[in-house]
> 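For reference, the structure I am asking about is given below.
What you see below is based on every heavy atom in this structure, not just the backbone, and it leaves out hydrogens, waters and symmetry mates.
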Amino acid sequence: MSLSAIGSGLSGMQAFQRALDVTANNVANVSTNGFRPQQASFQTVAGGGVNATAGANPSQQNAVTSGTPSGTDLVAETVKSLQYKYGFDASAQVVKTANETLGTLINLKA
């Protein structure tokens, strides 16, 4: 049980890190003419893990909005980055707790 929890937590950390990378790239290119912001999307994978991929943001396909050359909405990107940070932290807590539980189980056997 603890090993699968560690794997799930680690995959969550990797997925949220990828999502943070997407958001950081969007913010870094806020002044880049013609840049189209991307959006992270999460998918579950076999074994209880999660994966994040970057793709075109459907709301940004046609027109540039938000008064910036790229159409990047800084408020939305800030909110997403906070959500992804808290998701990363929660996944890290899963790994920490599973590790402590596994350590306790090993100590009981010894």
Side-chain angles (χ1 to χ4, degrees):
M1 175 190 133
S2 292
L3 289 177
S4 65
I6 289 173
S8 294
L10 288 174
S11 74
M13 290 173 68
Q14 290 171 334
F16 283 112
Q17 181 61 54
R18 174 69 179 126
L20 281 165
D21 291 344
V22 170
T23 300
N25 185 53
N26 290 345
V27 171
N29 286 291
V30 71
S31 297
T32 304
N33 288 325
F35 175 79
R36 295 291 180 230
Q38 293 188 325
Q39 178 176 323
S41 48
F42 296 87
Q43 301 85 27
T44 56
V45 294
V50 65
N51 187 29
T53 57
N57 187 340
S59 66
Q60 298 291 331
Q61 290 298 314
N62 296 324
V64 172
T65 59
S66 305
T68 61
S70 68
T72 302
D73 183 351
L74 289 176
V75 173
E77 295 300 326
T78 301
V79 170
K80 286 184 215 174
S81 68
L82 289 172
Q83 290 172 334
Y84 300 154
K85 179 208 176 294
Y86 292 132
F88 182 93
D89 292 345
S91 296
Q93 190 64 40
V94 168
V95 171
K96 179 182 174 192
T97 302
N99 184 49
E100 289 170 354
T101 302
L102 184 60
T104 301
L105 291 174
I106 290 171
N107 289 338
L108 288 176
K109 296 253 182 186

> Once you round to the nearest 0.5 Å, how far does OG1 of Thr53 lie from CD of Gln39?
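Rounded to the nearest 0.5 Å, the OG1-CD separation comes out at 10.0 Å.
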> Show every donor-acceptor pair shorter than 3.5 Å between a side-chain atom in residues 15-30 and any protein atom, with sequence neighbours excluded, or say none if there are none.
{"residue": "Gln17", "atom": "NE2", "partner": "Asp21", "partner atom": "OD1", "Å": "3.0"}
{"residue": "Thr23", "atom": "OG1", "partner": "Ala19", "partner atom": "O", "Å": "3.2"}
{"residue": "Asn25", "atom": "OD1", "partner": "Asn29", "partner atom": "ND2", "Å": "3.0"}
{"residue": "Asn26", "atom": "OD1", "partner": "Gln38", "partner atom": "N", "Å": "3.0"}
{"residue": "Asn26", "atom": "ND2", "partner": "Gln38", "partner atom": "O", "Å": "2.7"}
{"residue": "Asn26", "atom": "ND2", "partner": "Glu77", "partner atom": "OE1", "Å": "3.4"}
{"residue": "Asn26", "atom": "ND2", "partner": "Glu77", "partner atom": "OE2", "Å": "3.3"}
{"residue": "Asn29", "atom": "OD1", "partner": "Thr32", "partner atom": "OG1", "Å": "3.2"}
{"residue": "Asn29", "atom": "ND2", "partner": "Asn25", "partner atom": "O", "Å": "2.9"}

> Please determine whether residues Tyr84 and Phe88 belong to a single hydrophobic cluster, defined as Ile, Leu, Val, Met, Phe, Trp and Tyr linked transitively by side-chain heavy-atom distances below 4.5 Å.
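Per the 4.5 Å side-chain linkage, Tyr84 and Phe88 are co-clustered.
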> Do you know which two heavy atoms are closest between Gly49 and Ser8, and how far apart they sit?
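Closest approach of Gly49 to Ser8, heavy atoms only: N-OG, 4.4 Å.
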> Would a single hydrophobic cluster contain both Met13 and Val45, if residues Ile, Leu, Val, Met, Phe, Trp and Tyr are joined by side-chain heavy-atom contacts under 4.5 Å?
no
> Got a sec, which residues hit ring pair (Phe, Tyr, Trp, His ring centres under 6.0 Å) with Tyr86, two or more places apart in sequence or on another chain?
none
> Quick check: closest heavy atoms across Val94 and Gly9, and the distance to 0.1 Å?
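Result for this residue pair: CG1-CA, 4.1 Å.
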